[in-house]
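Comments concern the structure below.
Residue numbers count from 1 along this sequence.
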Amino acid sequence: MARTGLDDTPLMNLPPPVIEVQRRPPEAIPVTGVLQAGSARVDLTPGFLSSLAGWGPTLATSRRTRAAWGRLFARVLVLDDGQGERVALIAADLHAATRYVTERLAEHTAALGLHVGRLFLAGTHTHSGPGNFYANTYYDTFAQTEPLLKEQGLDPVMVDYLVERLGLGVREACARLRPARVGHGVARLWRYSRNRSLGALRENFPGLDDSALRQRVSELGFPSGTLAVSPPDLPLDQVCVDPRIQVLWAEEADAPHRPIGAFGTFGAHASLLAKEHPMCSPDFFGVATRHAEHLLRGAAGEPGPVVALAAGAIGDSDAARPGMTLEALKKAREDRTQNLSLMEEVGRAVGAQLAKACEDARTQVKASLRITALFDEPTIRDATLKDGRRLPTAALVGAPTLRGSEMGGGVTFFKEGERLEGLPDTDPQWPKAPPRALERLIRESLKYQPHTLPLRLLKVGDLWLMGCPGEPTSWLAHELTQTMLARGAREVMVAGVCGDYAGYLTTEREYKAQHYEGSSTLWGRNTEPWLLERFDALALSATTAIPSGAARFTIKPGKHQALTQPQPPTSEFTPSWPRPPELAAPRISNGRLVLAGRWFAWAPQERGELGWGAWIRLEDADSGEQLHSANRPLDDQHHTFLLEFIESAGVLEWRWMVVLDDWEHLRGRKIRFRTQGPRGVSVRPPPGARWPEANLLLNMAA
């Protein structure tokens, strides 16, 4: 009998193509004897209607970019110890770094001495960034919020764009290398994160009640470095997370020691924008870095540091707001008028502590230290542990994965904690229960799941940075940290979704609970001991061989939409306006200046990538001079803008808004806004038409 239904789809019958990335030998790094650092910031914002990754598939609707709150950036800090070692630390506003993007980036950076093992590419894990750049048949299908059975797959145009922009950032940071001092700093932020899977974490401490668990984690120094007692009124779910914001800081070696940049980590999911919002955004991580850079900018006219913040121990940690219940938080996230305020509030709190961590680092800088970049790419499939236990021969997710976490909507008829007791407990996937309704589709997409997991350990003096290719839970990150401390580290930073994305990473006891996190741990119950053994071996390595040969990827190509409608009424490409643009009267809200406006356009004017230069600029109406706020040009690249479009009477209506803290110097100015076209090309109004203007009155109340 002929098969029908899902079995007849291309996914079921055609083997996906395999592509190779040939590794280029890196150029030699000059030995100068001087510790150096350089930094850069580059825009990664994708084009409108790009698929957004992070929440997983739906049954019918798509989630594509129809608005942007802030812009996506990659922030780069390059360190060179002067002894022949160099590393690029990159925090990108992406759902994850991927092995494919990292390997492709290494093609661009080999001339700078940076092979794939010297690229510490980590994501912020924003759930409102682009997808389809994984080169992974499972995540290129299931990471985006798209109809489940619709063809998706790798978007080569998106990959090329990201690699080009990331390469530009690394080149700029290397070009700005100068003698530096480097230090490590820590700040703690309680009440703004919570353990969303407390029941699974408790499995690490069987038999302990709330009081005993609180005391036990304090005695164990969880997380490492937080021996200071947590606030006594703090709920247990807010005690069982890592509240630390840690940074690796670099500043100029010569007085006055101007700042260069920082690379930090914080353990909370960047998911304050709900699944229902078709908005591209760096989420609260973007607000935090912008606010920290503002606080650290210093004297007028100085550019200030580039402050990067990457995901840390995020596996079971979500953002929180002090005094707000989980249900109230979820309701605020889903409200399109409250969610941006919520994101700003949490982001500014994180940013303030991020700046404090940088100030702490400035008190303990060193002008000379050794850097060791260690890299390994072991095979996890069917691996054998020292005690004889084995890893599974195939990756698998369980039914609770499709249920989703408590912060994201999934398929409601799946249950968290669902287990399959029928498996023998010797099975490395025990007790994972496959999602029966979609088991064949999921198993087929996971058939080609990469079994090479790149691991990174960067030793910067006695500070060690661990790069995990997935989402480590709070307690697993603690276990990894303890292993490194036992091998000689003084301080340890754990970066998640670094170098690749292989789902969640849980402890063995958490895995057995089969909450959402354990169900999404692809390689089963022995993932924890495998990671501990492999990182321990990496810590004992003196050097790493230069990666060579070719990296292979099994891909599923897809088709991806572009913003091409509605079409202009004639075939002639002209910058004509369907309607005149408008600028709203400036207003003050809570002491901040709010500017807003809109314009109307045909789609072909908006087809280029949003990331190629600013699309909106504000200028003095009399002189044409671009205005500044907080020493930065007043455009949508340098401030948190809201930019969105809707279809209105056969044209696209573009709306924008910006909220400024630093605006008093603009009093009495007549301002106007103008838009740029694709790749920053100026859009000219039709003959006789003008961009709108507005006066910032001297008597505006602050």
Side-chain angles (χ1 to χ4, degrees), residues 15-24 44 46 50-54 72 74 88 90-110 114-126 129-144 152-170 310-311 375-381 395 445-456 467-471 495-503 522 547-560:
V18 175
I19 58 176
E20 292 187 346
V21 178
Q22 192 67 40
R23 289 168 168 172
R24 299 178 180 175
L44 298 180
S50 299
S51 293
L52 297 174
L72 306 187
I90 310 166
D93 289 321
L94 298 172
H95 179 246
T98 73
R99 182 166 164 256
Y100 183 52
V101 169
T102 309
E103 291 281 0
R104 289 282 309 279
L105 176 60
E107 293 181 301
H108 291 246
T109 62
L114 295 166
H115 57 66
V116 68
R118 288 170 170 160
L119 294 175
F120 203 92
L121 174 60
T124 63
H125 201 54
T126 177
N132 303 111
F133 58 90
Y134 302 89
N136 177 311
T137 58
Y138 177 67
Y139 287 113
D140 279 327
T141 299
F142 286 92
Q144 289 67 236
Q152 297 174 47
L154 184 73
D155 183 352
V157 174
M158 179 64 70
V159 172
D160 290 346
Y161 170 66
L162 294 176
V163 170
E164 180 180 354
R165 302 301 292 171
L166 290 167
L168 174 63
V170 175
F375 174 69
D376 192 15
E377 40 190 351
T379 295
I380 191 171
R381 183 180 66 188
S445 63
L446 282 169
K447 180 191 296 185
Y448 309 100
Q449 180 65 26
H451 48 82
T452 296
L453 265 63
L455 307 179
R456 287 169 168 80
C468 294
E471 302 179 52
V497 295
C498 178
D500 199 8
Y501 187 62
L522 300 181
S548 60
R552 294 168 59 86
F553 300 88
T554 302
I555 66 166
K556 182 169 79 76
K559 299 178 181 179
H560 301 279

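Counting heavy atoms from C-beta outward, M158 and L162 have side chains that approach closer than 4.5 Å. At a threshold of 4.5 Å between non-hydrogen side-chain atoms, the residues Y100 and L154 count as touching. Annotation: side chain of R104 is in contact with side chain of V159 (closest heavy-atom distance under 4.5 Å). Under the 4.5 Å side-chain criterion, counting only non-hydrogen atoms from C-beta, D140 is not in contact with K556. Between P156 and P557 there is no side-chain heavy-atom pair separated by less than 4.5 Å. Side-chain contact between D155 and S51 is absent, with no heavy-atom pair separated by less than 4.5 Å. The shortest side-chain heavy-atom distance between D93 and L44 does not fall under the 4.5 Å cut-off.
Residues satisfying the side chain to side chain donor-acceptor pair (under 3.5 Å) criterion with H451, sequence neighbours excluded, are R381. Y501 pairs by the ring-ring contact (aromatic ring centres under 6.0 Å, His included) definition with H95, Y139, not counting sequence neighbours.
Y161 and R165 share no side-chain donor-acceptor pair at under 3.5 Å.
One distance of note links CD of Q22 with CD of E107; it measures 9.0 Å at 0.5 Å rounding. How far CG of L119 is from CG of L114: 5.5 Å, rounded to the nearest 0.5 Å. Rounding to the nearest 0.5 angstrom, the gap separating the OG1 atom in T109 from the NE2 atom in H115 is 9.5 Å.
Between the Q449 side chain and the Y138 main chain, no donor and acceptor come within less than 3.5 Å of each other.
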Determine whether V101 and L94 satisfy the following criterion, side chain to side chain contact (heavy atoms under 4.5 Å, CB included), listing intermediate values before the conclusion. CA-CA 11 Å; V101 169; L94 298 172; 5.9 Å; no
